[in-house]
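Beneath this line is the structure, given in structure tokens, with notes to follow.
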Amino acid sequence: MKPVRFDYVAARDSAEAVQLLRQHGDEAKCIAGGQSLGPMLNLRLARPSVLVDLHRAEDLRLTEQRSDSIVYGSTQRHAEFEDGLVPDATNGLLRTVASRLAYRAIRNRGTLGGSIAHADPAADWIGVMVGLDATYRLLGADGLREVSSTEFMSAAFMTRLGAGEILCGISVPRLSKAARWGYYRYSRKSSGFSEATGIVVADPERGYCRVVLGALDIPPVALEQVANALAEKGVDEAIACTGEAVNEMLAGYSDAKRQLFTVVVRRALEQIGEKQ
Amino acid sequence: MTETIAPKVAHFEVNGEQVQGFPEPRTSLADFLRDDLNLTGTHLGCEHGVCGACSVEVDGQMVRSCITLAQACTGSRIRTIEGYDDDPVMAALREAFMDHHGLQCGFCTPGMLIACRDMVIRHEHLDEKAIRVALGGNLCRCTGYVGIVGAVMSVFERRSELLDDSAGNSVAPALEQMTSQPLPTFKRTSGQVDQVATSAGGEDSDGDQTLREQVVVAKPVEEVWQFLRDVEKVVPCVPGASILSVDGEDLAIEMEISLGAIRVRFQGSGRFTFDDSNRTGRFEGKGRDVRSGSDATGVMEFSVVPGDNENQCRINILASYTITGALSQFSRGGLVKSFVGAIARMFADNVQKVLSGGEASAGSTPNLSVFQLLLTVAKGWFRALIGRK
Amino acid sequence: MNKTGIGQRVRRLEDPRLVHGKSRYIGDIKVAGMRDVAFLRSPLAHALIKGVKKPAGYENQVICAEDLNGVRPIRAESTLPSFRNSEQWPLAKEKVRFAGEPIVMCIARNRAEAEDLVELVEVDLEALSPVITPDQAKDNKGDRLHEHWPDNMFLDFTIGKDMPDIRDRADVVVKREYDTGRQVMNPMEGKGVVAWWDSQAEQLIVNTSTQVPHLIRSGLADCLGLSPDLVRVITPEVGGGFGYKCVLQPEEILVAWLAYERRGAFRWLEDRREHLTAGANTREHHYSVTAYADKRGRLLGLDAEVTVNVGAYSVWPFTAGLEAAQAGGNLPGPYAFDHYRCHVMATASNKPPFTPYRGVARPGVCFAMELTIDAIARAVGREAWEVRAENLVPAASMPYQNVTNKQYDSGNYPESLRLAKDAIRFDEVRQRQKTPEPDGRLIGVGFATFTEQSAHGTQVFAQWGLPLVPGYDEARIKLTPDGGVEVAAGIANIGQGIQTTLAQIASEILSIPTDRIRVSLGDTTTTPFSTGAYASRGIVMSGGAVSRAAEGLAERIRTLAAHRLECNASEIRLEDGEIHGPNGTLGFNELAISWYRRPDQLPAGDGNTGLEYTAFYKPRVDTGVFSYATHAVVVSVDPQTGKTELLDYAITEDCGRIVNPMIVDGQAIGGTAQGIGSALYEEVIYDERGQPLNSTLADYHLPGAAEVPHIRVQHMETLSPHTAHGIKGVGEGGAIAPGGAVINAINDALSAMGVEISRIPATADHVLQAIERRKTQKTLTSQHSSEEQQNEARAV
């Protein structure tokens with residue numbers, strides 16, 4: 001189980017990374033923490049000719065604090081969120097998510113942007129970022145553009161990241177002090193990948209509310225009627241309408257799967273209730 | 001074989017010694033440590049980042065050396081199980097492991113010890129349950145963990161003798177609690193999502209490798225049918241597919257498929273048959289990706305039916321496929337149908353574009369096959385391995 | 001008192017090297033000029049090989065079946081009735097019979113380059129219809145695996161007789177079907193072999209990660225057509241065995257062949273993907289059980305059918321028949337009843353060859369039997385533990401010959417159940433169940449009691465018709481010039497701590513502390529014959545041999561010491577690391593010096609028996625000695641997710657005389673963790689083409705620390721009347737009961753919902769689906785529970 005032969009180049013900054021991607025074209029692949037790509041390289045499922053390593057690009061590790069949001073550099077590592085080494089725009093949601101992601105050794109190396117760019121529907125960040133209404137900053141030869149987290153992922157492992165583009169920053173709106181969140185992930189093993197995730201974010205000051213199903217086999221799904229109920233009628237009403245909302249959204253799924261997704265959303269909602 | 005890629009020099013500090021080496025770019029840190037430096041205490045248990053036997057420290061942080069490239073560590077300080085002889089926490093853990101029977105065959109032990117040390121250093125205290133959760137990334141097949149957990153608990157009890165936290169051991173601050181006011185009800189003014197038209201069609205039930213999809217094309221039915229009958233035009237509309245040669249109804253086709261980081265090239269043959277009377281057709285194909293030794297066969301039946309108005313029609317697709325070999329050997333998830341909508345839409349877009357005088361584009365997602373031949377790859381397995389980058 | 005003798009909780013001699021990462025496993029062995037091999041493995045489960053195209057320029061580095069001159073196929077014949085044999089060529093010849101079967105071997109400077117080379121080889125396969133399930137094999141509809149067979153059955157016979165009287169007499173009839181998933185053993189270290197030709201010794205040196213080095217020598221010699229003296233097999237540190245490393249593997253033959261043929265050094269290290277796909281080889285049982293009982297739940301008879309899906313080939317030396325035959329023989333378990341019939345079948349399928357895994361047959365058997373006992377208890381409306389206790393062989397009946405002629409040698413089975421029931425605080429659990437849990441979880445408690453036939457002797461193995469029947473184990477012991485001891489035994493150290501426990505036995509007899517006892521193991525040249533470490537036999541067989549050898553050496557020491565200390569040999573005592581006579585004391589080193597450096601001090605005429613002694617051992621009664629245990633577990637089941645959590649786990653076990661309590665606990669607990677894997681997590685899923693769908697540890701779920709509870713072990717210590725020191729084996733037992741105990745507890749928790757689980761692993765998915773199915777059923781048909789449909793209650 002050893003990778004195919006490839007060449008390896010470390011980019012010094014994001015501009016060089018983009019330039020290297022252009023230079024090597026189709027056969028080049030970005031690597032940051034490599035915690036997802038590493039296994040695929042060893043299994044020879046990923047077969048790049050050139051790896052462009054982003055983890056030494058200093059500008060991709062910077063955090064930019066703005067009044068209404070924080071822009072996280074894409075190669076900030078999960079453990080940096082877990083350890084509180086970067087400011088948390090979300091009253092602890094990012095830290096909580098980071099601390100439950102895979103294992104510490106993976107968190108020490110894996111990066112926020114790497115996970116998002118990979119667009120595994122079951123990855124933790126990709127759903128949480130939809131819950132938070134984050135915006136992704138993509139850098140390519142034609143410059144910088146922004147894509148909403150709700151539109152970034154088109155299907156499992158398919159994103160709007162163009163050829164030669166890198167994900168360079170993740171802009172997360174700041175939650176107000178009054179904001180509340182719930183996060184419940186179900187996995188068979190304590191450290192396993194999520195098989196169903198419920199994410200709830202409510203910020204009365206911004207009038208913001210979102211309820212998201214994560215870890216489906218498709219991009220994260222927002223449950224609009226549950227979010228409306230939560231904002232306008234409260235937690236109990238939201239819980240009450242969750243089953244119906246999930247059943248409607250996941251009509252093609254088995255009873256057991258729908259049941260599971262209903263449970264995780266309810267439990268995420270209950271977390272908000274508990275903290276009252 | 002393949003052309004050689006010149007090894008590059010890399011510098012490390014390994015267990016306190018300066019080391020210069022020439023690992024191939026593809027060489028993992030684990031292989032470099034074991035093969036070039038003979039530090040064989042770092043064990044390879046799975047080589048895909050799950051078992052933890054290969055855990056080492058890079059710049060003071062525990063990492064998986066099996067999925068970390070040696071070249072990516074140039075300039076780093078590396079410590080392996082052979083490098084803890086003067087470490088009081090490691091010494092205490094070793095004694096405790098021996099007293100509590102925290103090891104049997106010893107294969108997971110180096111990685112396990114490094115993980116336990118990391119835990120003791122980063123936390124002032126953990127209870128049994130938290131220790132068990134924190135050990136999730138290190139698998140042991142012999143002990144049943146009871147001895148390991150007991151050993152760690154005993155070292156936590158002695159922690160203050162072994163460590164001076166003021167001396168810079170980074171104990172993570174506790175998670176701050178959320179604000180405690182109750183959530184008032186409020187007017188929802190933001191956060192609304194227009195649900196992307198998604199074919200959240202549901203999971204791929206076991207053994208069901210049949211996919212159904214319907215796409216709408218804004219062209220009259222007969223025009224679309226005539227287009228579909230022209231294999232040399234229609235095949236390129238399938239993202240990733242190209243015709244190598246045509247011999248009557250028999251085609252030689254190549255399909256290059258990219259899925260996340262995976263890229264596969266199937267080469268094979270196919271045959272179209274058409275029934276003009278009811279505008280139905282059938283494609284049978286088979287191909288092989290030589291490099292992975294995977295075979296795929298697929299059948300697609302399609303029909304074109306009138307749409308809601310005369311300038312519109314629908315293409316119904318029913319596809320079934322099989323894949324064998326390395327690419328198929330992952331757990332079944334429900335990802336397959338997730339692709340269908342996206343790909344079918346791209347196919348429809350391309351058909352429409354070409355019919356309107358444009359060119360088929362690979363779209364934002366190049367190289368996807370309408371036959372979905374490879375999509376089984378993207379099964380549950382990805383979630384675990386890839387969902388944590 | 002001897003501080004390192006039998007019964008002492010001493011630290012293991014193995015540990016210091018292991019905690020420093022300083023041992024030497026197969027992958028750590030380096031030999032100058034060594035080449036790595038990688039295999040092109042069949043992507044198809046069943047196919048004809050139409051051609052192999054080697055890449056130009058690499059013909060010499062690419063080996064296929066036709067190149068293997070002189071190599072013979074693996075043939076593991078069994079004399080069991082109806083058995084059909086298979087031939088397994090180390091590289092598939094003409095045909096492949098499972099996905100993962102090696103077809104081509106590629107040789108290169110390192111593994112990565114060998115894998116590069118594999119990708120350049122083209123193999124043309126013509127698919128045949130695969131046989132995946134036992135039912136497909138029984139239907140005989142797919143293509144035949146072995147063309148000369150009339151069907152796809154390895155084994156098909158019946159033991160015992162029909163029981164019409166019992167059928168008429170029974171108050172209660174319980175019918176159940178049970179399934180256990182196919183598993184992969186997953187020692188953390190994969191299999192591996194490093195072989196070279198030693199031109200000085202003129203010998204083929206084969207280092208292999210095995211449990212059975214002496215057997216592998218025989219097997220290699222057979223398959224390579226070499227005289228066994230040309231082959232030396234050495235066991236390095238072995239990173240876990242569990243049965244996976246107790247059979248001759250094709251890769252071992254191939255690497256040894258290369259080394260012999262090319263007079264060079266070659267290596268193969270199994271990677272996890274190879275292990276998970278080509279090594280998916282154990283525990284796929286199906287049971288169909290009809291139990292007859294009286295109205296109190298007393299078992300009257302059992303009529304069963306056992307099918308084991310054994311895969312493509314018969315493994316050497318344990319054969320494709322052992323698992324099913326043992327299942328048929330062991331199903332009655334620890335229970336006393338008189339009427340038994342079992343239809344035993346082993347089906348061939350396009351899956352990897354079946355290898356006996358820790359517990360061998362009994363985890364399946366125990367699962368089926370223990371669920372049946374609980375089902376009977378529910379049918380008669382009594383507590384399962386009571387029904388169980390009343391059916392167990394009572395202590396007063398020991399020794400007891402059961403319905404399949406097993407000789408249960410000693411013990412008190414009902415007492416182990418009572419102790420486990422107390423340990424799990426059964427009454428408190430029943431009390432707790434009366435109040436709903438605040439979080440909606442359901443609580444359940446379950447038991448499983450089993451016997452662990454250990455150190456099955458010559459007669460038993462002969463009955464199973466193995467091609468190689470184990471008999472005596474041997475050990476050699478020597479007093480060294482400095483008064484230390486060297487022990488040599490042919491068994492392998494696979495993590496079970498046999499280095500320590502053998503030293504403890506020698507220490508017990510000689511009174512020399514274990515840190516002065518050097519134990520060498522697992523080398524066909526330097527250690528005497530042993531068939532190896534499997535079947536919970538090491539401590540009984542090898543331990544017995546060491547005990548005998550130490551006795552022999554002690555006798556010799558007494559003779560020589562008597563001369564020095566001027567007394568009779570019978571007056572000499574070996575105590576506290578010294579030799580004591582009525583007139584004085586001698587250090588072992590002083591005595592040793594007499595032999596090695598001052599032979600002038602020896603009694604006149606002495607001289608032809610040195611300070612080295614070899615002994616041979618098998619128990620007096622060699623039908624195996626029976627350890628036993630009861631496992632008790634409390635679970636919570638989340639009915640909304642199907643997820644089971646183990647809240648408490650208690651074991652009461654009796655393995656006779658305990659040599660090292662720490663190691664016995666470790667075996668019981670470690671085995672239990674594997675059993676929990678079988679019960680809740682582990683299964684290889686195959687698709688309908690025979691593709692294994694779990695090629696990584698992210699797909700195949702091994703229990704982690706959070707999935708295993710704190711397991712408490714208490715001991716009974718009934719000495720076996722048949723063995724040295726009264727020792728019984730203990731390596732496998734832990735893995736036997738968890739399936740039964742955990743699922744009984746889950747079924748207890750779900751009983752109010754009318755849900756009954758009957759397969760393992762009982763994954764959360766599976767449990768949730770069963771619950772959801774039950775909900776649907778309830779809305780469709782209002783009344784009949786599945787249990788009512790299955791149980792036939794009769795008027796007395």
Side-chain angles (χ1 to χ4, degrees), chain B residues 1-2 26 34 38 40-48 50-51 53 80-82 94 97-99 101 103-110 113 128 131-133 135-136 139-149 207 290-291 293-295 322 324-326 328-332 380-381 384-385, chain C residues 11-12 14-16 18-23 25 27-28 30 40 43-44 99 112-113 116-117 119-120 122 186-189 237-240 271-272 277 494-497 662-663 665-666 669-670 672-674 685 687-689 691-699 702 704-706 708 710-711:
Chain B
M1 264 179 272
T2 47
R26 66 166 153 178
R34 290 176 51 80
N38 206 31
T40 55
T42 299
H43 295 153
L44 288 171
C46 72
E47 294 181 87
H48 47 262
V50 179
C51 83
T80 70
I81 191 66
E82 292 91 345
R94 283 174 168 149
F97 265 57
M98 292 192 276
D99 280 340
H101 202 19
L103 68 154
Q104 289 183 23
C105 82
F107 198 79
C108 74
T109 308
L113 283 166
E128 183 190 331
I131 291 170
R132 287 179 176 277
V133 171
L135 281 175
L139 295 173
C140 167
R141 194 58 162 162
C142 295
T143 63
Y145 304 101
V146 170
I148 295 169
V149 172
V290 176
R291 299 179 301 191
S294 294
D295 285 324
T322 59
T324 55
S328 72
Q329 295 172 353
F330 303 99
S331 291
R332 243 153 243 278
W381 173 77
L385 290 178
Chain C
R11 276 191 180 185
R12 300 197 320 162
E14 293 88 340
D15 287 352
L18 298 174
V19 296
H20 285 88
K22 292 267 167 70
S23 191
Y25 297 87
D28 304 338
K30 297 211 168 78
L40 190 162
L44 299 181
E113 290 182 11
D116 294 345
L117 194 47
E119 295 191 343
L120 301 179
E122 288 180 42
N186 276 301
M188 293 319 298
E189 176 204 50
E237 197 84 65
V238 176
D271 67 30
R272 191 58 54 181
T277 51
I494 55 173
Q496 82 280 48
M662 180 180 86
I663 288 177
D665 284 356
I669 292 168
T672 300
Q674 290 189 5
I685 311 284
D687 73 7
E688 69 279 8
R689 314 230 140 220
Q691 295 290 319
L693 302 181
N694 311 64
S695 64
T696 74
L697 288 181
D699 306 296
L702 295 177
V708 178
H710 182 75
I711 297 163

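A, B, ... follow the sequence lines: proteins, then strands. Residue 1 opens every chain.
- Remark: side-chain polar atoms of E189(C) are not paired, donor with acceptor, to backbone N or O of G45(B) under 3.5 angstrom.
- Heavy atoms closer than 4.5 Å to chain B are found nowhere in L40(C), neither backbone nor side chain.
- Between D295(B) and R689(C) there is no salt bridge, since none of the side-chain N atoms of the basic residue sits less than 4.0 Å from a carboxylate O of the acidic one.
- Using bins of under 30°, 30° to 60° and over 60° for the plane-to-plane angle, the ring pair F107(B)/H43(B) lands in the parallel bin.
- Contact tally against chain C (heavy-atom pairs below 4.5 Å) for C108(B), C105(B), C142(B): the top residue is C105(B).
- In this structure, the portions of A112(C) lying under 4.5 Å from any heavy atom of chain B include both its backbone and its side chain.
- Neither the backbone nor the side chain of S294(B) comes within contact range of chain C; no heavy atoms are under 4.5 Å apart.
- How far OG1 of T40(B) is from CG of D28(C): 4.0 Å, rounded to the nearest 0.5 Å.
- Proximity to chain C involves both the backbone and the side chain of H101(B), based on heavy atoms less than 4.5 angstrom apart.
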Derivation of the side chain to side chain contact (heavy atoms under 4.5 Å, CB included) call for L18(C) and E237(C): CA-CA 9 Å; L18(C) 298 174; E237(C) 197 84 65; 3.7 Å; yes
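- Listed for the R12(C) side chain is a donor-acceptor partner under 3.5 Å among the backbone atoms of Q104(B).
- Proximity to chain B is absent for every atom of E14(C), based on heavy atoms less than 4.5 angstrom apart.
- A salt bridge is defined here as a Lys NZ or Arg NE, NH1 or NH2 lying under 4.0 Å from an Asp or Glu carboxylate O, and R94(B) with D15(C) fails to meet this definition.
- Using a 4.5 Å cut-off between heavy atoms, V238(C) contacts chain B through its backbone alone, with no side-chain atom that close.
- Of the atoms belonging to I494(C), it is backbone heavy atoms, and not side-chain ones, that fall under 4.5 Å from chain B.
- Contacts with chain C were tallied for L103(B), I81(B), N38(B), T143(B); L103(B) has the most, counting heavy-atom pairs under 4.5 Å.
- Using a 4.5 Å cut-off between heavy atoms, T672(C) does not touch chain B at all.
- Judged purely by atom type and a 3.5 angstrom limit, R141(B) has no side-chain atom pairing as donor or acceptor with the backbone of M188(C).
- With respect to chain C, the highest number of heavy-atom pairs below 4.5 Å among T109(B), V149(B), L44(B), D99(B) belongs to D99(B).
- Among A673(C), P187(C), A706(C), the residue with the largest count of heavy-atom pairs under 4.5 Å with chain B is A706(C).
- Between the side chain of H48(B) and the main chain of V50(B), no donor-acceptor pair closer than 3.5 Å is present.
- Looking at L113(B), the atoms closer than 4.5 Å to chain C (heavy atoms on both sides) all sit in the side chain, from C-beta outward.
- Interface check for chain C: of the options C46(B), G41(B), C140(B), P110(B), the most heavy-atom pairs under 4.5 Å are formed by C46(B).
- Of the possible polar contacts, one joining the Y25(C) side chain to the G106(B) backbone as a donor-acceptor pair under 3.5 Å is found.
- Each of L702(C), L697(C), I711(C), I663(C) has some count of heavy-atom pairs under 4.5 Å with chain B, and the biggest count is that of L697(C).
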